[in-house]
Amino acid sequence: MSKGNTTKMTDELYAYMLAHNPPLDDHQRELMVTTEAKFPDVAGMQSAEEQGPLLAFLVRLTGARHIVEVGTFTGFSALSMAQALPADGTLIACDISQEWTAYGRAAWEAAGVADRIDLRIAPALDTLRAMPADPHIDMAYLDADKESQIAYWEELVPRMRQGGLIVTDNTLFHGSVLDTDPRPSAAGVQAFNDHVVADDRMESVLLGISDGLTLSRKR
């Protein structure tokens, strides 16, 4: 097997990449900095800096008006996507933490997009199952507990419109997808990746972006 790209992402190259991507605005930057300061032990759950502009790009590319996010944390990814929505667009953000999402609420309000984000504090499966069953979702971002990802996927896929896009984060999971005796979260990612590649309802590509990003389009 020939590995086509052998470029190693050094700190210098990462900085170069960020410098040649759309920059974060003040609200996005402040939220990232606040998250790292307030929650240093779990700040890694925040989507990577380069994913904010990418998610916004995908919202505009797909013409999304109705987005569902599973796993919001402190709200950086929701902020990035909501800013790319049209004024009448809606993003349903699913999370179980009032503490984490409080920082997101403040950032969304400051950025003027709070009216586009419907935050639902409840188990995500309950929120997804309460949604209309017809295909109505344009785009979804899946970045929550890894053991439940197949269950989330199975609720999302029937509700995606034809051509709708599911973006799933952490699908390389720090390389632990190769572990032969994985911990539960890594085992969840392994099972999810196998499930996605076998799902004929979707066409999917797994990309080496950040910690692995899978893009899946509804056939």
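Computation of the quantities below employed the complete heavy-atom set of this structure, encompassing side-chain atoms and omitting hydrogens, waters and symmetry-equivalent molecules.
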Got a second to check how far [X]'s [atom1] is from [Y]'s [atom2], nearest 0.5 Å?
{"X": "T90", "Y": "I137", "atom1": "OG1", "atom2": "CD1", "value": "12.0 Å"}
{"X": "R60", "Y": "L55", "atom1": "CZ", "atom2": "CG", "value": "10.5 Å"}
{"X": "D143", "Y": "T72", "atom1": "CG", "atom2": "OG1", "value": "9.0 Å"}
{"X": "L79", "Y": "L31", "atom1": "CG", "atom2": "CG", "value": "6.5 Å"}
{"X": "K146", "Y": "R183", "atom1": "NZ", "atom2": "CZ", "value": "11.0 Å"}
{"X": "I92", "Y": "L119", "atom1": "CD1", "atom2": "CG", "value": "11.0 Å"}

In chain order, what residues pass the side chain to side chain donor-acceptor pair (under 3.5 Å) check against E50, with sequence neighbours excluded?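 With neighbours one apart ignored, the set is Y14.
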Using every non-hydrogen atom in the two residues, find where [X] and [Y] come nearest and quote the distance to one decimal.
{"X": "M160", "Y": "A140", "result": "CE-N, 4.1 Å"}
{"X": "P22", "Y": "P53", "result": "O-CG, 3.4 Å"}
{"X": "T127", "Y": "A122", "result": "OG1-CB, 3.9 Å"}
{"X": "T171", "Y": "T214", "result": "OG1-OG1, 3.1 Å"}
{"X": "S204", "Y": "S216", "result": "OG-OG, 2.8 Å"}
{"X": "S47", "Y": "D169", "result": "OG-OD2, 4.2 Å"}

Is there a chain of hydrophobic side chains (I, L, V, M, F, W, Y, each step under 4.5 Å between heavy atoms) that links [X] to [Y]?
{"X": "L207", "Y": "L61", "answer": "yes"}
{"X": "L58", "Y": "V196", "answer": "no"}
{"X": "L213", "Y": "V205", "answer": "yes"}
{"X": "V177", "Y": "Y152", "answer": "no"}
{"X": "F192", "Y": "L156", "answer": "yes"}

With a 4.5 Å heavy-atom cut-off, do L165 and D138 have their side chains touching?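 No, side chains not in contact.
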Would you say that R161 contacts H66 through its side chain, given a criterion of any heavy-atom pair below 4.5 Å between the two side chains?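 The answer is no, as the side chains (C-beta and beyond) never meet within the 4.5 Å cut-off.
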Establish, from distance only, whether the side-chain atoms of [X] and [Y] form a donor-acceptor pair under 3.5 Å.
{"X": "D179", "Y": "Q190", "value": "no"}
{"X": "H27", "Y": "Q83", "value": "no"}
{"X": "S80", "Y": "Q28", "value": "yes"}
{"X": "W153", "Y": "D199", "value": "yes"}
{"X": "Y141", "Y": "T168", "value": "no"}
{"X": "T74", "Y": "T35", "value": "yes"}

Does [X] come within less than 4.0 Å of [Y], counting only side-chain N to carboxylate O?
{"X": "R159", "Y": "E155", "result": "yes"}
{"X": "K218", "Y": "E203", "result": "no"}
{"X": "D200", "Y": "R219", "result": "no"}
{"X": "K38", "Y": "D41", "result": "no"}
{"X": "R120", "Y": "E69", "result": "no"}

Verdict with supporting geometry, V70 and L128, side-chain contact (heavy atoms from CB on, under 4.5 Å): CA-CA 9 Å; V70 182; L128 294 174; 4.3 Å; yes
Verify side-chain contact (heavy atoms from CB on, under 4.5 Å) between Y103 and F73, making sure each step is shown before the conclusion. CA-CA 9 Å; Y103 292 90; F73 189 39; over 6 Å; no
Does atom [atom1] of [X] have more than 12 heavy-atom neighbours, drawn from other residues, nucleotides or ligands, at distances under 6.0 Å?
{"X": "I96", "atom1": "CD1", "result": "no"}
{"X": "E154", "atom1": "CD", "result": "yes"}
{"X": "E30", "atom1": "CD", "result": "no"}

Hey, is the main chain of [Y] close enough, under 3.5 Å, to the side chain of [X] for a donor-acceptor pair?
{"X": "S148", "Y": "D145", "value": "no"}
{"X": "D95", "Y": "I121", "value": "no"}
{"X": "R116", "Y": "L85", "value": "yes"}
{"X": "H136", "Y": "D134", "value": "yes"}
{"X": "N170", "Y": "G212", "value": "no"}
{"X": "Q51", "Y": "A48", "value": "yes"}

Checking V189 against S176 for the side-chain contact (heavy atoms from CB on, under 4.5 Å) test, could you report, in this order, the C-alpha distance in whole Å, the side-chain angles of both residues, the deciding distance, and whether it holds? CA-CA 9 Å; V189 176; S176 60; over 6 Å; no
Parallel, tilted or perpendicular, judged at 30° and 60°: which one describes the rings of W100 and F39?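 W100 vs F39 ring planes: perpendicular.
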Apply side-chain contact (heavy atoms from CB on, under 4.5 Å) to residues M139 and I166 and explain how you reach the verdict. CA-CA 6 Å; M139 180 172 161; I166 299 178; over 6 Å; no
Could you tell me which residues satisfy salt bridge (charged side-chain N to carboxylate O under 4.0 Å, His left out) with D211, sequence neighbours excluded, listed by chain and number?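 D211 satisfies salt bridge (charged side-chain N to carboxylate O under 4.0 Å, His left out) with no other residue.
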